Amino acid sequence: MTKYIFVTGGVISGIGKGITTASLGRLLINRGFRVNVVKIDPYLNVDAGVMNPFQHGEVFVTHDGAETDLDVGNYERFLGVDLNQQSNFTTGSVYHEVITKERRGDYLGQTVQLIPHVTDEIKQRIYQIGRDSAVDVVITEIGGTVGDFEMFPFIEAIRQIAVEVGRENTLFLHVSLIYTFPNGESKSKPTQHSIRKLQELGIQPDLLLCRTSHTIDESIRRKISLLCGISEASILESMDTNCVDEIPLNFEVQGMGHLVSKKLGLMRRATLDAEWIAMVEKLKNPKHSAKIAIVGKYTTGSDAYISVVEAIKHGGVANEAQIEIEWIEAEMLTEHDNIDEFFEGIDGILVPGGFGYRGIEGMITAAKFARETRIPYFGLCLGMQCLVIEFARNAANMQNANSTEVDEKTPYPVIDLMFEQRSIADKGATMRLGHYPCVLKENTKSYDAYQQPIILERHRHRYELNNDFRPQLEDAGLCFSGVSPDESLVEIAEVPNHPWMVGSQFHPEFQSKPLAPHPLFKDFIAAVLAYQQEHNELGEEA
């Protein structure tokens, strides 16, 4: 029978439920169990597609085109799997489905209510994941914190699931905060209140994970155990760390995998996670180091680019290098005369995706600097479009070339709205989303990276390279090294006479994983290290 684990959080948001969920999944997979994961978000948006990245972080896109919460990306990276549209749902999507069923007459005249209709819809979705994927364990992370108004239907639904499938087949893991004052005194009262609130709603946690900046002393552990009805052995700690990839190993040392397996009757011995241990060792003891500038629109909140940051890290692991990131606000580049100052000590430039006109000229400036100084450049989605615009303006004599997203009256609209997008009015879930094939041209940087003729990559965009200008750009020297199978869409552009200047219309960061770094990020970091070595040697000669 499928087992169900539910992860809840208390006291504050952003406490680490997502990484906890992903780490626990990793421990169970290492024991040979089949695991699937789902994130429930209690907001009324139908999905994450139109949410502000400053507030909510990046929108992670699955292979089947779902626009999901960023935690789904954490799940994929830690579990080493590809998830789908079932892996994230919201209050908005649940209510939408319930109302659709009511309008269709599915409830046969019943008075539609929160209980049982909304809670039944939530339960059905969780059960469906277990049935469709035929897994041993479904881990469900409940977004938000216990006590939030919008949490109630989900807490009630998982309480009902525990009754329906039996407590022997369910486990509740609660993540809460132990606050430590500057003088070193720790307080468990917030955690006590959080668990009491959960108990009021009919749920008794089986495991408590304490997020803390200091080791929990035995007196705190005893107090929580006594007042909250949790055995001391079931109270674990999650220490603040700069290396999130080490967290599954820390949990294993504390016995989390054993405790969960024992509670659910899944008794198999854990095998040594040798690959993961080796990966963490490379992260902690790199042979090389380099610095990359990310020139973006949301640099004040790196969660907006979390998959990009992780993919850079993975590329570093593949090259046994630690990569330091320098965040550069794109708008700032156009406000200063001396651009060199921004990129002093930088070994590579990456321009990520985004929407709208803000910061575009700064990104184009970054692409120009990279092309002229021959520093490695990687453009993702919008970053690829900026590469094309810069090349058109300064190498193909198309003065004032631009994207129609930025300037509808540009004389050279080298980037334009896709034809199939022109009749679409709604913003949510209407972009070119998910997996699409791409055919690679041999003897290019892209082909060298992938070493195969056809690839599948994930997309999230409305604008594309305008085919009317392809011949002119190619004549000027730009190489379109990846195109759709029917050659109607450009997927990759690169500058051939440059050490490494590549832009992808797709988002390769969504498929990069710690144990399987993405080929483009792997080669980009290799080019960054080569650039650094070359310039170091030139400096020594000088």
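Just so you know, these numbers come straight off a predicted model, no measurement behind them. No hydrogens, no waters, no symmetry mates; every other heavy atom, side chains included, goes into these values.
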Do [X] and [Y] have side chains that approach each other closer than 4.5 Å (heavy atoms only, starting at C-beta)?
X: I294; Y: P352; result: yes
X: V46; Y: S93; result: yes
X: L489; Y: Q505; result: no

Neighbour count >12 (heavy atoms, 6.0 Å) for atom CG, N242: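 Atom CG in N242 is not crowded, with 12 or fewer foreign heavy atoms closer than 6.0 Å.
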
Verify the neighbour count for atom CD of Q452: are there more than 12 heavy atoms of other residues, nucleotides or ligands below 6.0 Å? yes

Please list all pairs meeting ring pair (Phe, Tyr, Trp, His ring centres under 6.0 Å) that have one or both residues in residues 378-405, counting only residues at least two apart or in different chains. F378-W500, F378-F521, F378-F524

Which ring pair (Phe, Tyr, Trp, His ring centres under 6.0 Å) pairs, counting each pair once, include a residue from residues 65-91, with sequence neighbours left out?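 Output for this query lists F78-W276.
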
Donor on one side chain, acceptor on other, [X] and [Y], under 3.5 Å:
X: Q511; Y: H435; answer: yes
X: D416; Y: T404; answer: yes
X: Q128; Y: R125; answer: no
X: S403; Y: Q385; answer: no
X: N88; Y: D47; answer: no
X: S307; Y: E58; answer: yes
X: T430; Y: R462; answer: yes

For the atom pair CG (D273) and CZ (R26), what is the distance rounded to the nearest 0.5 Å? 4.5 Å

For [X], ring pair (Phe, Tyr, Trp, His ring centres under 6.0 Å) partners two or more places apart:
X: F355; result: none
X: F469; result: none
X: Y436; result: H459

Going by side chain to side chain contact (heavy atoms under 4.5 Å, CB included), K39 matches just one of D71, T21, N74. Which one? D71

Working for side chain to side chain contact (heavy atoms under 4.5 Å, CB included), residues L380 and S504: CA-CA 5 Å; L380 309 175; S504 65; 3.9 Å; yes

Any donor-acceptor pair under 3.5 Å from E372 side chain to F369 backbone: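 The answer is no, because no donor-acceptor pair under 3.5 Å joins these two groups.
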
For R371, which residues count as a side chain to side chain donor-acceptor pair (under 3.5 Å) partner, sequence neighbours excluded?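 Per chain and number, R371 pairs via side chain to side chain donor-acceptor pair (under 3.5 Å) with E390.
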
